There are 2 protein chains.
Amino acid sequence: MKATAQILKEKGLKVTPQRIAVYNMLLNTTEHPNAETIYKALEPTNPTMSLATVYKTLDYFKQLGLVQELNVGEGSSRYDAVVKCHPHTVCIQCGKVRDLYLEELTEIHKKIAEELDFEVRCEQLILYGICGKCRRENNENS
Amino acid sequence: MKATAQILKEKGLKVTPQRIAVYNMLLNTTEHPNAETIYKALEPTNPTMSLATVYKTLDYFKQLGLVQELNVGEGSSRYDAVVKCHPHTVCIQCGKVRDLYLEELTEIHKKIAEELDFEVRCEQLILYGICGKCRRENNENS
DNA sequence: TATTAAATAAAAATAATTATCATTTAGGGG
DNA sequence: CCCCTAAATGATAATTATTTTTATTTAATA
């Protein structure tokens with residue numbers, strides 16, 4: 001695996017502890033955290049870090065294709081270090097956002113795109129519903 | 001077509017000029033306006049209308065299934081009087097949001113959902129890209 | 001028509017994000 | 001290795017979208 005500092009350098013970014021911290025945090029989670037959550041997670045180890053820096057860092061990363069922004073209809077944006085377009089599930093009960101990897105879908109959308117007067121750059125599919133865990137808990141309590 | 005007042009009444013809502021205006025405005029557009037845009041559009045005919053009322057009205061409508069909220073990654077939410085889940089295209093150049101009606105997709109998602117430990121309630125597909133109009137304009141200018 | 005609970009407008013409050021700006025720092029050149 | 005400078009940071013103010021509050025108005029029922 002490529003070192004974070006190296007990745008930043010290749011993108012033409014100055015390597016700073018803050019940027020390394022944000023990127024590593026995102027690499028090591030599948031939780032799709034928002035800026036606030038990232039900030040809180042880094043506070044213990046980076047006590048001088050500011051929330052504005054997190055926002056600015058995420059914005060740079062987004063422009064350079066290091067992260068993707070995801071809005072599932074909450075107040076705030078979530079971020080994902082997996083930049084390849086991929087579908088997500090959102091549990092409307094516990095709020096958990098999970099990645100889905102369904103090659104079929106990608107292919108199907110490509111095919112459909114060809115039939116439209118629209119040049120698809122990225123497709124985002126969000127499935128809203130009840131995750132397995134919540135469904136089982138609901139059944140127990142009824 | 002059912003009268004707006006009747007629809008509101010059936011949902012157990014008090015019929016007010018503001019609610020009728022908001023709902024009719026959404027019925028008569030395919031632009032997926034946000035709260036601000038709805039407010040501005042209604043200002044000429046409803047000069048006393050307040051933005052807070054637009055927000056509250058949209059919130060009621062959403063709860064009752066009269067409108068659906070759509071977030072394509074802008075700062076604000078858009079609203080659609082077509083409440084059936086359906087895909088959208090978003091032009092990353094002109095910002096236009098359009099409805100797509102692709103039955104195949106709905107079916108495919110249903111099938112895939114069966115294979116997941118996830119009970120799908122609604123799926124939202126957003127295709128980001130360049131619309132035909134923008135693509136043609138780009139070609140002219142190059 | 002009178003009553004009353006609910007809806008409205010206006011304004012203040014909140015939340016998420018962005019901008020400003022003085023200070024600090026990364027990283028290239030000497 | 002240190003200096004220099006442009007860029008990054010932190011603190012804070014500003015902005016934008018949305019929600020809440022509250023006094024007033026109104027829809028709808030008796």
Side-chain angles (χ1 to χ4, degrees), chain A residues 3-23 25 32-64 66-79 95, chain B residues 3-23 25 32-64 66-79 95:
Chain A
T4 298
Q6 183 59 27
I7 293 169
L8 299 182
K9 210 171 287 177
E10 282 169 11
K11 290 287 183 182
L13 288 174
K14 271 195 185 179
V15 178
T16 69
Q18 294 85 344
R19 288 173 176 176
I20 291 176
V22 170
Y23 192 61
M25 193 272 176
H32 310 81
N34 60 20
E36 184 78 31
T37 306
I38 296 169
Y39 173 66
K40 290 271 173 59
L42 298 181
E43 227 173 13
T45 47
N46 303 57
T48 76
M49 161 97 62
S50 105
L51 181 56
T53 299
V54 174
Y55 273 107
K56 244 173 303 179
T57 299
L58 289 170
D59 196 46
Y60 275 117
F61 287 3
K62 194 174 51 167
Q63 308 298 334
L64 294 167
L66 284 176
V67 304
Q68 78 172 298
E69 196 177 353
L70 177 67
N71 196 307
V72 301
E74 301 161 318
S76 57
S77 291
R78 290 167 174 262
Y79 294 87
Chain B
T4 299
Q6 184 59 26
I7 293 171
L8 299 182
K9 210 172 286 176
E10 282 169 11
K11 289 287 183 182
L13 287 175
K14 269 195 186 177
V15 178
T16 68
Q18 293 86 344
R19 287 174 177 173
I20 291 176
V22 170
Y23 192 59
M25 193 271 176
H32 309 82
N34 61 18
E36 184 77 30
T37 305
I38 296 170
Y39 173 65
K40 289 272 173 57
L42 298 181
E43 226 173 13
T45 47
N46 303 56
T48 75
M49 161 98 61
S50 104
L51 182 56
T53 299
V54 174
Y55 273 108
K56 244 173 304 179
T57 298
L58 289 170
D59 196 46
Y60 275 116
F61 286 2
K62 192 174 54 170
Q63 309 297 335
L64 295 168
L66 283 177
V67 304
Q68 78 173 298
E69 198 177 352
L70 176 68
N71 196 307
V72 301
E74 299 161 319
S76 57
S77 290
R78 288 168 174 261
Y79 295 86

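The chains referred to below are lettered A, B, ... by the order of the sequence lines, with proteins before strands, and numbering in each begins at 1. Only a predicted model underlies this, so the values are computations on that prediction, with no experimental measurement involved.
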Calculate the interatomic distance between A:Leu13 atom CG and C:dG27 atom P; express it in whole Å. 10 Å

B:Glu69 CD to D:dA17 C1', in whole Å, measures 12 Å

Could you check which of C:dG27, D:dT18, C:dT8 has an atom nearest any side-chain atom of B:Leu51? D:dT18

Counting only side-chain nitrogens and oxygens, does A:Ser50 get under 4.0 Å of the OP1 or OP2 atom of D:dT12? no

From the set D:dG10, C:dA9, C:dA7, return the single nucleotide nearest to any side-chain atom of B:Lys14. C:dA7

Separation of C:dG27 P from A:Lys9 NZ (nearest whole Å): 6 Å

Between D:dT9, C:dA9, C:dT17, which nucleotide gets closest to the side-chain atoms of B:Lys56? C:dA9

Do A:Thr53 and A:Gln18 have a side chain donor and acceptor closer than 3.5 Å? no

Please answer whether the main-chain N or O of A:Thr48 pairs with a side-chain N or O of A:Asn46 as donor and acceptor at a distance below 3.5 Å. no

Could you tell me whether the phosphate oxygens of C:dA16, OP1 or OP2, come under 4.0 Å of any side-chain nitrogen or oxygen in A:Ser77? no

Contacts of A:Tyr79 and B:Tyr60 projected onto DNA chain C by closest heavy atom; the upstream (5') one is B:Tyr60

Which atom of A:Tyr60 lies closest to which atom of A:Arg19, heavy atoms considered: CE1-NH2, 3.6 Å

Within the structure provided, determine whether B:His32 and B:Tyr79 are in side-chain contact (heavy-atom separation under 4.5 Å). no

Side-chain atoms of A:Ala52 come closest, of C:dA9, D:dT9, D:dA11, to D:dA11

Between D:dA8 (P) and A:Gln18 (CD): distance, integer Å: 11 Å

Nearest whole angstrom, please: distance from the C1' of D:dA27 to the CG of B:Leu8. 13 Å

What's the CZ-C1' distance between B:Phe61 and C:dA7, to the nearest Å? 12 Å

Does A:Val72 offer a backbone N or O that forms a donor-acceptor pair with the side chain of A:Arg78 under 3.5 Å? no

Nearest-Å distance, OH (A:Tyr55) to P (D:dT15)? 18 Å

Once you round it to whole Å, what is the distance between C1' of D:dA17 and CG of B:Asn34? 9 Å

When the nearest nucleotide of DNA chain D is assigned to B:Pro17 and to B:Ser76 on a heavy-atom basis, which residue is associated with the more 5' position? B:Ser76

Starting from the 5' end of DNA chain D, give me the residue, B:Lys62 or B:Val15, whose nearest nucleotide shows up first. B:Lys62

Just compare C:dT8, D:dA8, D:dG10 and give me whichever is closest to any side-chain atom of B:Arg19. C:dT8

Return the nearest nucleotide to the side chain of B:Thr53; candidates are C:dT8, D:dA8, D:dG10. C:dT8

